[in-house]
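Structure, as structure tokens:
Each chain gets a letter, A, B and so on, in the order its sequence line appears, and its residues count up from 1. Keep in mind that what you see is a predicted model, and the values were worked out from it rather than measured.
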Amino acid sequence: MNYRMEWRKAVNAVMLTLTGVCALLAVSVLFFILGYLVWHGGRALNWEFFTQLPKPVGEAGGGMANAILGSAKLLLVAALVGVPIGFFGGIYLAEFGGRTFAFLVRYTTDLLNGVPSIVIGIFAYSALVLPFRHFSTLAGAIALGLMMIPITLRSTEEFLRLVPRALREGALALGASKWKTILTVVVPAAYRGVLTAVLLAMARVAGETAPLLFTAFNNRFWSPGWSQPTASLPVMIYTYAIAPYEDWHRQAWAAGLVLLGLVLITNMVARGVLARGMSAQRS
Amino acid sequence: MATAAIPVKHAGPGWGLRALARRLRNGDEIAHLFTLVFAASVILITSLLVYELWVNSALARHKFGLSFLFTRVWDPIFDQFGALPFVYGTLVTSAVALVIAVPVGLGAAIFLAELAPPKISGALAFVIDLLAAVPSVIYGLLGIFVVVPLLREYVQPFLKATLGFLPLFQGPIYGVGFLAAGVVLAVMVVPFIISVSREVLLGVPGDQREAALALGATRWEATWKVVVPYARTGILGSIFLALARALGETMAVTMVIGNNPQISASLFAPGYSIAAVIANEFSEATGDLYLHALVELGLVLFLLTFILNGLARLLILATTQRGVGQE
């Protein structure tokens with residue numbers, strides 16, 4: 001009897017400790033990644049990195065100014081594509097949606113959310129690159145924009161639904177029409193949540209590489225306008241990491257640090273804005 | 001309600017027009033229509049995506065049929081395309097990832113949901129969410145320069161020495177290969193398992209726990225024999241979600257799998273995956289059949305993740321609904 005109790009207590013202690021170890025392991029991965037990138041990337045980061053074009057193979061130095069600008073351009077257009085569709089679609093689901101059609105929209109959005117990013121890339125290639133016969137910034141940006149839609153749409157819906165009914169009814173009772181209620185009462189009440197969702201969506205697509213490989217492609221020079229291939233930070237990291245040159249590896253670390261920094265800071269700001277209640281955002 | 005875009009439904013013939021005008025001036029119908037267009041565009045885009053995948057893989061589908069998935073020759077020069085090595089690579093790397101990620105993820109989720117005080121649990125969950133946000137190309141970068149050397153120098157020789165009698169751990173050691181891809185994938189999907197499982201576990205009603213403890217169960221017994229079985233379906237859902245992620249993951253796998261279309265029992269051998277071959281060969285594909293074969297691979301990937309995500313959602317929904325219903 002006593003032995004059995006001792007045994008059960010021992011199992012209890014061991015297993016509970018193990019779960020703690022698992023949690024510690026998982027959490028420490030982030031700090032390891034961060035530490036490793038700061039260590040390797042920090043040494044490679046300098047003023048040139050932000051201001052210079054990539055040097056030809058074999059020449060040391062140079063930077064990724066074109067990739068940084070390229071990423072910014074891609075994100076800008078991605079947001080212009082993804083945010084309106086997500087935002088107004090979310091309003092539709094939360095405020096106007098009926099049964100069948102709303103269910104269909106919700107279902108398709110979740111489906112789109114689960115599509116692997118490389119498949120989005122294939123889609124953008126066949127819809128936006130093939131017909132024009134050249135890679136372009138615009139095609140890459142639209143591919144990223146498509147990936148922003150599901151997150152923005154579902155979060156907008158969730159956050160609009162969190163707005164108390166009484167607020168809506170108050171506005172309606174004062175004689176405001178429905179759209180005016182939505183525009184001046186409901187959306188302002190939920191705007192922090194929506195903003196969070198948009199920031200998180202942008203942080204997610206900022207690091208996406210696969211959809212850009214055959215849409216925005218890559219470019220060793222500046223890419224003026226929207227119809228030429230452009231460099232971007234994630235694609236540059238990929239290209240430089242798999243290349244056999246020491247100096248390129250150094251720059252890949254630097255670019256990795258910059259990208260990770262941007263993504264993590266955006267995430268922290270976004271989640272900080274809303275502190276808690278972010279569970280609505282996921283899945 | 002769903003399609004109430006036309007406002008004259010119940011209006012008599014005499015004042016239908018005036019009612020329409022009033023409602024339009026009111027703006028509600030316009031707002032309804034306006035947002036409806038955006039919502040409908042999501043359906044349009046997704047249908048277009050499926051359509052493009054279907055049409056642009058037609059040549060390969062017609063020529064190879066189902067045998068596309070079961071032949072192993074991938075030879076663009078002679079227009080022979082069999083996807084078996086890629087399907088194999090995708091499945092093996094995902095399996096390795098799950099074998100590593102499920103115990104760790106579940107353990108961490110149990111710790112966060114059952115043991116850690118709420119404040120610590122919240123803080124750790126925040127870190128886990130940040131981990132899920134790390135771009136996959138960064139995982140690939142660390143995969144190349146940290147995981148691969150580590151595997152080559154220490155882990156694989158060790159595995160070979162201890163478990164070398166298994167065909168899984170035989171053959172020459174390269175570093176890159178199925179095992180490296182599996183390990184990197186495991187690290188990438190753990191956050192998903194943790195955050196979904198944690199939520200499912202937190203949804204288990206407290207009286208389940210308390211009843212077990214009151215019967216004299218230890219903390220671990222209450223968790224493992226009562227709480228976890230209660231949340232079983234939801235946890236399974238989180239695993240399916242992780243699997244869908246792993247199957248579709250491109251960059252990190254491409255960077256460490258070795259990119260060699262072969263089928264090998266050894267996890268040390270370099271391989272290839274569906275997503276990786278698309279990433280590597282798509283922009284260089286010459287010839288329509290070649291391109292169509294690659295798009296068909298994308299279609300396969302799409303269908304796989306579609307089914308898995310659907311199942312995962314159902315399972316998670318089933319558990320969380322049950323938890324809410326009984327509270």
Side-chain angles (χ1 to χ4, degrees), chain A residues 8-9 11-12 15-16 18-20 22-23 25-27 29-30 33 36 85 88-89 91-93 96 98-101 104-105 108-112 114-119 122-123 126-127 146 149 177-179 203 207 209-210 213-214 234 237-238 241-242 252 256 259-260 263-264 267 279, chain B residues 1-3 26-28 31-32 34-36 38-39 41-43 45-46 49 52-53 56 104 107-108 110-112 115 124 127-128 130-131 133-135 137-138 140-142 144 146 187 190 194-195 199 218-220 244 248 250-251 255 275 278-279 282-283 295 298 301-302 305-306 309 313:
Chain A
R8 285 172 59 199
K9 276 187 177 162
V11 168
N12 183 49
M15 294 313 282
L16 293 187
L18 273 183
T19 63
C22 287
L25 206 65
V27 169
V29 169
L30 180 72
I33 292 177
Y36 208 85
I85 298 182
F88 290 115
I91 290 183
Y92 174 79
L93 286 188
F96 295 105
R99 279 262 162 76
T100 331
F101 188 69
L104 201 64
V105 172
T108 331
T109 312
D110 289 344
L111 171 61
L112 191 62
V115 175
S117 54
I118 188 90
V119 175
I122 295 181
F123 171 51
S126 48
L146 294 185
I149 294 174
S177 60
K178 195 169 179 185
W179 72 268
T209 318
L213 287 177
F214 25 84
I237 296 174
Y238 172 61
I242 60 173
L259 181 64
L260 186 70
V263 168
L264 288 188
N267 260 273
S279 57
Chain B
M1 205 37 186
T3 50
N26 217 323
D28 283 357
H32 186 159
F34 182 72
T35 55
L36 177 78
F38 283 98
S41 71
V42 179
I43 297 182
I45 289 167
T46 312
L49 188 149
E52 290 279 358
L53 286 180
N56 286 316
V104 175
I110 289 175
F111 180 79
L112 291 182
L115 293 174
L124 293 184
V127 174
I128 299 292
L130 286 186
L131 197 56
V134 174
V137 71
I138 305 259
L141 189 65
L142 284 149
I144 291 183
V146 180
V187 177
V190 157
I194 297 179
S195 66
E199 240 151 76
T218 61
R219 194 83 181 260
W220 170 251
T250 312
M251 300 322 297
M255 291 161 91
I278 300 174
F282 201 82
S283 54
V295 176
L301 211 53
F302 173 81
T305 50
F306 170 54
N309 276 318
R313 221 163 281 283

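Per-residue heavy-atom pair counts under 4.5 Å with chain B were compared for A:Val263, A:Val115, A:Thr19, and the maximum is reached by A:Thr19. Counting heavy-atom pairs closer than 4.5 Å to chain A, the top residue among B:Met251, B:Met255, B:Arg219 is B:Met251.
With a threshold of 4.5 angstrom between heavy atoms, A:Ile149 approaches chain B through side-chain atoms but not through N, CA, C or O. Heavy-atom distances place the side chain of B:Leu53, and not its backbone, under 4.5 Å from chain A. Contact annotation for B:Leu141: both backbone and side-chain heavy atoms come within less than 4.5 Å of a heavy atom of chain A. Proximity to chain B (any heavy atom under 4.5 Å) is restricted, for A:Tyr36, to the side chain, taken from C-beta onward. Contacts between B:Val187 and chain A at a heavy-atom distance below 4.5 Å involve the side chain alone, from C-beta outward. Only the side chain of A:Leu111 comes within less than 4.5 Å of a heavy atom in chain B; its backbone stays farther off. For B:Val190, the part lying under 4.5 angstrom from a heavy atom of chain A is the side chain only. Residue B:Ile138 touches chain A through its side chain alone, counting heavy-atom pairs closer than 4.5 Å. Contact annotation for A:Ala127: both backbone and side-chain heavy atoms come within less than 4.5 Å of a heavy atom of chain B.
Between atom OG1 of residue B:Thr46 and atom CG of residue A:Leu112 there is a gap of 4.5 Å, rounded to the nearest 0.5 Å. For the atom pair CG of A:Leu146 and CD1 of B:Ile45, the computed distance is 5.5 Å after rounding to the nearest 0.5 Å.
Remark: B:Thr218 pairs with B:Glu221 by the side chain to side chain donor-acceptor pair (under 3.5 Å) rule, at least two apart or across chains. Legend: residues meeting ring-ring contact (aromatic ring centres under 6.0 Å, His included) with B:Phe302, ordered by chain and number and at least two apart, are absent.
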>> Using side chain to side chain contact (heavy atoms under 4.5 Å, CB included), reason through B:Ile278 and A:Val119 one step at a time and then give a plain yes or no.
In response: CA-CA 9 Å; B:Ile278 300 174; A:Val119 175; 5.7 Å; no
Under the ring pair (Phe, Tyr, Trp, His ring centres under 6.0 Å) criterion, do B:Phe34 and A:Phe88 qualify, and how do the steps go? CA-CA 8 Å; B:Phe34 182 72; A:Phe88 290 115; 4.9 Å; yes
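When every heavy atom of A:Leu213 is checked against every heavy atom of B:Ala279, the shortest pair comes out as CD1-CB, 3.6 Å.
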